[in-house]
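What follows is a short report on a single structure.
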Amino acid sequence: MSLAEAGVEANLLAESGNERDLAKLRAAWADDLEAAARSEDYRERAAAYRAVGQFRFRQKEELLRRGLEDDSPACRGSALLSLELLSRDHPRTINSVRPLLHNLANADGNEAVRRLALIALRNGSPQRDTIVLLQGIAEEEGLASDVRQTAAKVAAGLDKRAKSR
């Protein structure tokens, strides 16, 4: 079984609430995941970053920070997917890497990475600086319409949450 296949299995276990088997799978794959994240091959690194979220590996959040700074857009995207998954119930996951997410959302050269960063930001706390940044991205001329629309939707959602507090 490959790391990617183990990640799919781990995700199924997590979704079904089978914590015992998920913990066993984490223990069995922890070293392989770390090794893959250090690989020279961007595909192996991307699989590792994606697996962190699938395994619900909160202990490996620092690994995702490295993934956000990776040279490969595939690796940055995989790390963002994992962050988004881990942050659904825990906004602190997003809050701890907020400056990196702001940078990716505002200036990454890859549109898919920008959109994933925007989507991840929706799970963080509704901080004013994030809302203002997203509103600015939504109004920026020359950006792809899907990036601008995503920024507008996330900004509106965060603004609504901020006002309901």
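The model shown is predicted, which means the values in this text are computed figures rather than measured ones.
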Using a cut-off of 6.0 Å, state whether more than 12 heavy atoms not belonging to R66 lie near its atom CZ.
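Atom CZ in R66 is crowded, with more than 12 foreign heavy atoms closer than 6.0 Å.
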Spacing of [X] atom [atom1] and [Y] atom [atom2] [to the nearest 0.5 Å]:
X    : Y    : atom1 : atom2 : answer
L133 : N106 : CG    : CG    : 5.0 Å
R92  : I94  : CZ    : CD1   : 11.0 Å
R122 : L134 : CZ    : CG    : 12.0 Å
L118 : E111 : CG    : CD    : 11.0 Å
R115 : D146 : CZ    : CG    : 4.5 Å
K163 : I131 : NZ    : CD1   : 8.5 Å

Using modelled atom types only, decide if a donor and an acceptor are shared between the side chain of [X] and the backbone of [Y] within a distance under 3.5 Å.
X   : Y   : value
S72 : A74 : yes
S87 : H90 : no
S82 : A79 : no
R50 : C75 : no

Which atom pair, heavy atoms only, marks the closest approach of [X] to [Y]?
X    : Y    : result
R114 : A105 : NE-O, 2.9 Å
S2   : E5   : N-OE1, 2.8 Å
V113 : P73  : CG2-O, 3.6 Å
A155 : Q135 : CB-CG, 3.9 Å

Should [X] and [Y] count as side-chain neighbours, where that means a heavy-atom distance under 4.5 Å?
X    : Y    : value
N11  : R56  : yes
L101 : L80  : yes
N123 : P91  : no
N18  : R20  : yes
T93  : R58  : yes
L86  : L64  : yes
H102 : D129 : yes
R148 : E139 : no

Is the shortest side-chain N to carboxylate O distance from R88 to E84 below 4.0 Å?
yes
Applying salt bridge (Lys or Arg N to Asp or Glu O under 4.0 Å), run through D21 and R26 and close with a yes or a no.
CA-CA 9 Å; D21 287 343; R26 274 188 202 126; over 6 Å; no
Can you tell me which residue among D71, D108, D70 is in a salt bridge (Lys or Arg N to Asp or Glu O under 4.0 Å) with R76?
D108
Strictly by modelled atom types, are S39 and R45 linked by a side-chain donor-acceptor pair under 3.5 Å?
no
Please tell me whether R98 and N95 have a donor and an acceptor in their side chains that are separated by less than 3.5 angstrom.
yes
Linking I/L/V/M/F/W/Y whenever their side-chain heavy atoms sit closer than 4.5 Å, directly or via other members, would [X] and [Y] fall into one cluster?
X    : Y    : result
Y49  : I119 : no
L121 : L85  : no
L116 : Y42  : no

Which side-chain N or O atoms in residues 28-37 pair as donor and acceptor under 3.5 Å with protein atoms at least two apart or in another chain?
unit_1	atom_1	unit_2	atom_2	d
E34	OE1	R38	NH1	3.1
E34	OE1	R38	NH2	3.4
E34	OE2	K60	NZ	2.8

